[in-house]
Visitor: 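Quick one: structure below, then a few questions.
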There are 2 protein chains.
Amino acid sequence: MASGETPRNATLTDVARLAGVSIATASKAINGRAQVRAETRTRVLEAAEQLSFAPNALARGLLQGRTGTVGLLTSDLEGRFSIPVLMGAEDAFGAGQVSVFLCDARGDAIREQHHIRALLSRRVEGLIVVGSRTDPRPPLTGDLPVPVVYAYAPSENPEDISITANNVEAGGLAIDHLLACGRRRIAHVTGDASYAAAQDRSRGAERAMAEAGLELVGGRTFFGSWSEGWGRGVASMILDQYPDVDGFFCGSDQIARGVLDTLREKGRDVPRDISVIGFDNWAVLTTNTRPQLTSVDMNLEQVGRVAARRLFEAIEGQAASGIEELPCRIVTRESSVPVP
Amino acid sequence: MASGETPRNATLTDVARLAGVSIATASKAINGRAQVRAETRTRVLEAAEQLSFAPNALARGLLQGRTGTVGLLTSDLEGRFSIPVLMGAEDAFGAGQVSVFLCDARGDAIREQHHIRALLSRRVEGLIVVGSRTDPRPPLTGDLPVPVVYAYAPSENPEDISITANNVEAGGLAIDHLLACGRRRIAHVTGDASYAAAQDRSRGAERAMAEAGLELVGGRTFFGSWSEGWGRGVASMILDQYPDVDGFFCGSDQIARGVLDTLREKGRDVPRDISVIGFDNWAVLTTNTRPQLTSVDMNLEQVGRVAARRLFEAIEGQAASGIEELPCRIVTRESSVPVP
DNA sequence: AAACCGTCCGAAAAGGCTTTCTGTGACTGT
DNA sequence: ACAGTCACAGAAAGCCTTTTCGGACGGTTT
């Protein structure tokens, strides 16, 4: 600490003494209660200012039973999906008077339990549980005395409040976009089939193709892994087997990047001959590919913000329930310019 | 939420009543104090268990003047450098009994001030300020009643406690690694010259070359932007102008990726003819390049952990001060295999 | 029998704040 | 001049826990 030896935190008593009033009056003056003369109020406020008084939120919380804090429980901070959700939630709460406890369980149930105990002990008024996959997760155990909202990864219990992105719809959006670009022979290559996200997007894509009276290239979705390598390999295979393919819907930007690399190496022109769309809208990938990559954005910050709002409502007692799926959006870049 | 209508939080009084003892005895039993008969203790513990009693940390904090909370103030959560630091800090605290308030100021001084007020009001015992660049930042204003540790972005005030990564040394490490690979004609291409990190790495690199009696290719560092595009362009230029270049030290993995792409297109074999090393060790880039990319890791989680430890020590009164620079490390992958 | 000791438990205070209730003085209406 | 209002300030209770101190009780020593 540069200067100043840790001055004791001023209390309301100090302020009252300095202003020459009782602590009751000081409290009322500071909190804008009515029963105080204007002149007295300013005197108190000046005293508070002078002592740089900050009311002790613990004492206030203890008395009123409202702490103005919530817990944000993530299963892995590392995952790039948790962060935006977390940002959105922090944003929504921080704008109000609510402070956020951050806990990272690192995917460990024991640690999660530990953190929940600690949070309840601190009398948080609610919990947001942020997952790293859209697969439903087991709900928090024990009858918690506070409301819980699940974000990104919904709860397995349909009565819980869950907010996630609508991946089925997103699959349809992607296909519709490629169709609007004039493409008809569209392949869908995606990641690990064990991911609900992969399944959902695939289902949405198939449905959208069917509605257009079409079928995906190869008659199916190509599941693999969430890597560039898979994208490169599968693109090469598809070009060999279905040389008239004119659109790729990729389940992630990483896969899309691999696909683009292969197309480039094989001399296929994107977007003149083939359109490509990725998923996640991850800037480091979308803006560095050649050409820049059109992608689906899951609006994860919005997921976080809505989760925060729902938690707030639940705390206020107007509890909704069930899974709420928020829409995704297409961010168009060079890789999917409509054919003239 | 699923079932059970928000049961009121049990208090120590409830436990005491159920166990048939006074609250004083209940408290002692639960906290392992000596003055309690074993039989009484178990009775109390059973009662506590039955009511799922969690001691009210607010009341305890109010009494003892220790809240067991700290504030984590980031200037932008988005930045990929803040996250690992934040994870490390959360990890170090979470293991103990300390809970973490997360605040994102979004690079806005007003918002930062607002969050600091809120945190002090909640009586945090200390603050960690996480920046997104290694450039020194203005210290928090006002005489804060709690210790502050600056992580990644050090404070401009040398008396403050700051923890960051040693970028000068890292520049030397990278060059030493390339030298150990048998390279002698090494180019250093990096990002925006306005970044302290870029300058530091460059200085370290030049010094290491000088110590080996060598000079960087072109006699200087090539500053540009932190993008693949810059990497591609500058690599192409260097190959034209200094065709005998045999090593690239890149200031970021993005730049390295661009460099690799160009080398690949120009038919240069990495790592047989040319070695490449990146910076940041960002998995999405290092593991997807062809060949996989050797990179410098700044050990940011470690920065976060050390920051947490230093803050803890400062809270305990043993305040160190000054900038502490932690070492980086090389993570070797295929792009820099030693020449036989 | 008196003094003493050790063990275990409970009463009470403290911590900072908000809120309710009571009290005081100045004013209004008749 | 007297009751009745009104505006304002203060006393005190309460939130929940921890800790100190003293009391009760049974047993031991002189």
Side-chain angles (χ1 to χ4, degrees), chain A residues 7-45 47-48 51-69 97 117-118 120-125 145, chain B residues 7-45 47-48 51-69 97 117-118 120-125 145:
Chain A
R8 194 177 62 85
N9 267 316
T11 94
L12 192 55
T13 312
D14 302 331
V15 176
R17 186 166 33 223
L18 182 59
V21 299
S22 74
I23 57 166
T25 306
S27 170
K28 281 181 275 198
I30 288 174
N31 295 306
R33 288 274 166 288
Q35 313 265 26
V36 186
R37 200 173 4 153
E39 188 265 334
T40 311
R41 187 184 303 277
T42 55
R43 196 146 41 89
V44 170
L45 289 178
L51 298 173
S52 65
F53 168 77
N56 187 324
L58 273 68
R60 174 187 276 155
L62 184 58
L63 188 56
Q64 309 191 144
R66 308 208 54 193
T67 55
T69 58
Q97 302 298 335
R117 285 193 73 83
L120 290 181
S121 186
R122 297 197 189 283
R123 295 295 184 269
V124 294
E125 297 180 42
Chain B
R8 191 178 63 84
N9 266 317
T11 95
L12 193 55
T13 312
D14 303 329
V15 175
R17 187 165 35 221
L18 181 58
V21 299
S22 75
I23 56 166
T25 306
S27 170
K28 281 181 276 197
I30 289 174
N31 295 306
R33 288 274 166 286
Q35 314 265 27
V36 185
R37 207 179 353 162
E39 189 263 337
T40 311
R41 187 184 302 278
T42 55
R43 197 147 39 90
V44 171
L45 289 178
L51 299 173
S52 64
F53 167 76
N56 187 325
L58 274 67
R60 176 188 275 155
L62 183 57
L63 189 56
Q64 310 189 143
R66 308 208 53 193
T67 56
T69 59
Q97 302 298 337
R117 284 193 73 85
L120 289 181
S121 183
R122 298 197 189 283
R123 295 295 186 269
V124 293
E125 298 179 40

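So you know, we letter chains A, B, ... as the sequences are listed, proteins then strands, and number each from 1. What you see below is based on every heavy atom in this structure, not just the backbone, and it leaves out hydrogens, waters and symmetry mates.
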Visitor: Do any N or O atoms of the protein come closer than 3.5 Å to N or O atoms of nucleotides 5-11 of chain C, and which pairs are they?
Guide:
residue: C:dC9; atom: OP1; partner: B:R37; partner atom: NH2; Å: 3.2
residue: C:dC9; atom: OP1; partner: B:T40; partner atom: OG1; Å: 2.4
residue: C:dC9; atom: OP2; partner: B:R37; partner atom: N; Å: 2.9
residue: C:dG10; atom: OP2; partner: B:S22; partner atom: N; Å: 2.8
residue: C:dG10; atom: OP2; partner: B:S22; partner atom: OG; Å: 3.2
residue: C:dG10; atom: OP2; partner: B:T25; partner atom: OG1; Å: 2.8
residue: C:dG10; atom: O6; partner: B:K28; partner atom: NZ; Å: 2.7

Visitor: Once side chain to side chain donor-acceptor pair (under 3.5 Å) is applied, do any residues pair with B:R17, and if so which ones, sequence neighbours excluded?
Guide: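 With neighbours one apart ignored, the set is B:D14.
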Visitor: By side chain to side chain contact (heavy atoms under 4.5 Å, CB included), which residues pair with A:R66, not counting sequence neighbours?
Guide: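 Checked A:R66 against side chain to side chain contact (heavy atoms under 4.5 Å, CB included); matches are A:E125, A:I315, A:E316.
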Visitor: Residues two or more places apart in sequence or in another chain: which of them pass side chain to side chain contact (heavy atoms under 4.5 Å, CB included) with A:S22?
Guide: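 If we apply the side chain to side chain contact (heavy atoms under 4.5 Å, CB included) test to A:S22, skipping adjacent residues, the hits are A:A24, A:T25.
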Visitor: For a quick test of reading the model, state the closest non-hydrogen atom pair linking B:L12 to B:S27 and the distance between them.
Guide: CD2-CB, 3.7 Å
Visitor: A:R123: which residues meet the side chain to side chain contact (heavy atoms under 4.5 Å, CB included) condition with it, sequence neighbours left out?
Guide: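 Testing A:R123 for side chain to side chain contact (heavy atoms under 4.5 Å, CB included), a comparison that skips the adjacent residues, returns A:T67, B:N9, B:A54, B:N56, B:L58.
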Visitor: Checking A:L63 now: which residues fulfil side chain to side chain contact (heavy atoms under 4.5 Å, CB included) with it, not counting sequence neighbours?
Guide: none
Visitor: If you look at every heavy atom in B:A48 and B:V15, which pair is closest and at what distance?
Guide: N-CG1, 3.8 Å
Visitor: Under 3.5 Å, which protein N or O atoms sit close to an N or O of nucleotides 26-28 of chain D? Give each pair with its distance.
Guide:
none

Visitor: Go through the structure and list residues passing side chain to side chain donor-acceptor pair (under 3.5 Å) with B:S52, not counting sequence neighbours.
Guide: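 Partners of B:S52 under the side chain to side chain donor-acceptor pair (under 3.5 Å) test: none.
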Visitor: Indicate the atoms forming the closest heavy-atom contact of A:V36 with A:A29, along with that distance.
Guide: CG2-N, 3.9 Å
Visitor: How close or far is atom P of D:dG10 from atom CZ of A:R33, stated in whole angstroms?
Guide: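 Atom-to-atom, A:R33 to D:dG10, this comes out as 18 Å.
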Visitor: Using atom CZ of A:R17 as one end and atom P of D:dG10 as the other, report the distance to the nearest whole Å.
Guide: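 Spelled out: CZ on A:R17 to P on D:dG10 is 14 Å.
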Visitor: Where do A:F53 and A:I30 come nearest, in terms of heavy atoms and distance?
Guide: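 Answer, listing the atom of A:F53 first, then A:I30: CE2-CD1, 3.7 Å.
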Visitor: Hey, is the side chain of B:S27 poking within less than 4.0 Å of OP1 or OP2 on D:dT17, counting only N and O atoms?
Guide: no
Visitor: How many Å lie between CG on A:L58 and P on C:dT18, as a whole number?
Guide: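 The answer, rounded to whole Å, is 13 Å.
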Visitor: Quantify the bending of the helix from C:dA1-D:dT30 to C:dT30-D:dA1 as the angle between its end axes, each fitted on five pairs, to 10°.
Guide: 60°
Visitor: Could you pull out all residues at least two apart from B:R43 that satisfy salt bridge (charged side-chain N to carboxylate O under 4.0 Å, His left out)?
Guide: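 In terms of salt bridge (charged side-chain N to carboxylate O under 4.0 Å, His left out), with neighbours along the sequence ignored, B:R43 is linked to B:E39.
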Visitor: Using a cutoff of under 3.5 Å, can you pull out all pairs of nitrogen or oxygen atoms linking the protein to nucleotides 23-28 of chain C, with atom names and distances?
Guide:
none

Visitor: Check nucleotides 14-16 of chain D for protein N or O atoms closer than 3.5 Å to its own N or O atoms and list the pairs.
Guide:
none

Visitor: If you take all heavy atoms of A:K28 and A:Q35, which pair is closest and at what distance?
Guide: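 Looking at all heavy atoms of both residues, the shortest contact is CD-CB, 4.3 Å.
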Visitor: When rounded to the nearest 0.5 angstrom, what distance separates OG1 in A:T40 from CG in A:L45?
Guide: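 A:T40 atom OG1 to A:L45 atom CG measures 10.5 Å (nearest 0.5 Å).
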Visitor: State, to 0.1 Å, how close B:P55 and A:S121 come at their nearest heavy-atom pair, and which atoms those are.
Guide: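 Looking at all heavy atoms of both residues, the closest pair is O-OG, 2.7 Å.
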Visitor: Look up atom CG in B:L62 and atom CZ in A:R60, then write down how far apart they are to the nearest 0.5 Å.
Guide: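 Spacing of CG (B:L62) from CZ (A:R60) equals 13.0 Å.
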